[in-house]
Number of protein chains: 2
Amino acid sequence: MKRTILLYALSLAALIFILKLIEYRFFVRDLSLEFYVGLVAILFTVLGIWAGNKLSRKKTVVITNPEFQFDAARLQSLNISKREYEVLDLMSKGNSNQEIADKLFVSLNTVKTHSSNLFLKLNVRRRTQAVQKAKELQLIP
Amino acid sequence: MKRTILLYALSLAALIFILKLIEYRFFVRDLSLEFYVGLVAILFTVLGIWAGNKLSRKKTVVITNPEFQFDAARLQSLNISKREYEVLDLMSKGNSNQEIADKLFVSLNTVKTHSSNLFLKLNVRRRTQAVQKAKELQLIP
DNA sequence: AATAAAATCACACTTTCGGGTGAATGCTTT
DNA sequence: AAAGCATTCACCCGAAAGTGTGATTTTATT
């Protein structure tokens with residue numbers, strides 16, 4: 001964290017130095033102000049992406065802790081429906097399809113349909129893989 | 001992904017518009033070039049951080065659980081053999097019996113025997129339950 | 001009201017899993 | 001050497017899981 005901030009500061013200093021050089025050329029060679037500003041924008045966008053990645057990678061480690069942080073956004077982005085999620089949840093608790101069907105008051109075939117669609121959305125082929133992936137994606141505890 | 005790029009483009013356009021306004025004021029109020037450049041730098045750093053985060057967020061895959069403390073004593077007390085544990089480990093990673101057999105260079109029947117004994121020792125009836133219970137017992141991450 | 005999405009179920013079919021039994025081999029431990 | 005354990009494998013059988021297709025109903029959204 002500290003090192004990232006330090007590196008950011010150093011990069012900032014280096015960039016400002018480079019910009020001063022460019023500024024010099026700008027006045028000497030009479031380039032347009034738009035070109036100059038565009039260059040600054042590009043450089044700092046790149047720097048921002050880099051710094052952002054460095055800083056948010058630390059956050060990833062925080063997410064790694066055992067405290068489950070439900071990722072509703074990811075659930076939505078995968079287009080997993082409410083019913084499919086319920087099946088996933090019961091699945092992760094070690095229930096068979098028949099047990100899931102009994103608990104959700106639906107037929108076995110319905111559970112199969114839901115789980116099949118779930119596997120497609122999670123891009124897996126078996127329930128064990130689905131559970132694994134769902135945990136990685138912070139969809140279930 | 002597409003939406004992020006679109007939003008980035010829109011933000012870019014908005015920023016350029018704002019910059020033009022600032023540029024206008026710059027000439028009118030005669031602010032220093034350094035101030036102007038600094039502002040551009042800050043704005044695009046922020047934009048870069050945001051865009052970078054959006055684009056790289058899908059990389060937050062969590063596999064390691066730092067809380068995991070391997071409980072060798074429990075493994076022994078359950079009389080789980082080395083080979084059975086290897087099967088359990090591969091099982092927890094979503095492998096089918098056939099895949100486990102291939103990875104351990106044994107036959108499918110052997111894996112079935114191991115997993116069957118494993119289920120007895122863990123007092124479960126399905127691989128999903130076995131994985132669940134093994135995690136609870138701190139046998140696997 | 002029309003359309004789209006979600007949820008429901010069926011049926012046929014293939015694959016995978018799990019139980020039960022039996023058996024051969026090798027490695028320790030007594 | 002004998003007993004015990006782990007490891008290996010085979011065969012059979014039934015249960016569970018998963019695939020594919022098609023169809024109906026319910027619920028949201030426009």
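Just so you know, these numbers use all the heavy atoms, side chains as well, and skip hydrogens, waters and symmetry mates.
Between the C1' atom of C:dA7 and the CD1 atom of A:I100 lies a distance of 16 Å, rounded to the nearest Å. Counting to the nearest Å, the P atom of C:dC9 and the CG atom of A:D102 are 12 Å from each other. Distance, A:K121 NZ to C:dA7 C1': 11 Å, rounded to whole Å. Rounded to a whole Å, the CG atom of A:N97 is 14 Å from the C1' atom of C:dC9. In this structure, B:Y85 atom OH and D:dT7 atom P are separated by 14 Å, rounded to whole Å. At whole-Å resolution of the value, CZ in A:R126 and P in C:dG18 are 12 Å apart. Atom CD of B:Q129 is separated from atom P of D:dA15 by 18 Å (rounded to the nearest Å). Remark: C1' of D:dA15 and CD of A:E99 are 13 Å apart, rounded to the nearest angstrom.
Of the side-chain N and O atoms in A:R127, one or more sit less than 4.0 angstrom from OP1 or OP2 of D:dG18.
Residues in residues 98-124 of chain B take part in these salt bridge (Lys or Arg N to Asp or Glu O under 4.0 Å) pairs, two or more places apart or across chains: A:R126-B:E99, B:E84-B:K121.
For the pair A:I100 and A:L108, the minimum side-chain heavy-atom distance is 4.5 Å or more. Using a 4.5 Å heavy-atom cutoff, the side chains of A:T128 and B:K93 are not in contact.
Taking a cutoff of 4.0 Å between a charged side-chain nitrogen and a carboxylate oxygen, A:K133 and A:E136 do not qualify as a salt bridge.
Listed for the B:R127 side chain is no donor-acceptor partner under 3.5 Å among the backbone atoms of B:G94. Between the A:S115 side chain and the A:V111 main chain, a donor and an acceptor come within less than 3.5 Å of each other. Under a 3.5 Å cut-off, the side chain of B:Y85 and the backbone N or O of B:I140 do not form any donor-acceptor pair.
Taking every heavy atom of residues 103-120 of chain B and every atom of DNA chain C, pairs under 4.0 Å involve B:K112, B:S116, B:F119, by number. Proximity of residues 76-84 of chain B to DNA chain C (heavy atom under 4.0 angstrom from any strand atom) is not detected for any residue.
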Run the side-chain hydrogen bond (donor to acceptor under 3.5 Å, both in side chains) test on A:T113 and A:S116 for me, step by step, so that the C-alpha distance in whole Å, both residues' side-chain angles and the decisive distance to 0.1 Å come before the verdict.
CA-CA 5 Å; A:T113 302; A:S116 224; over 6 Å; no
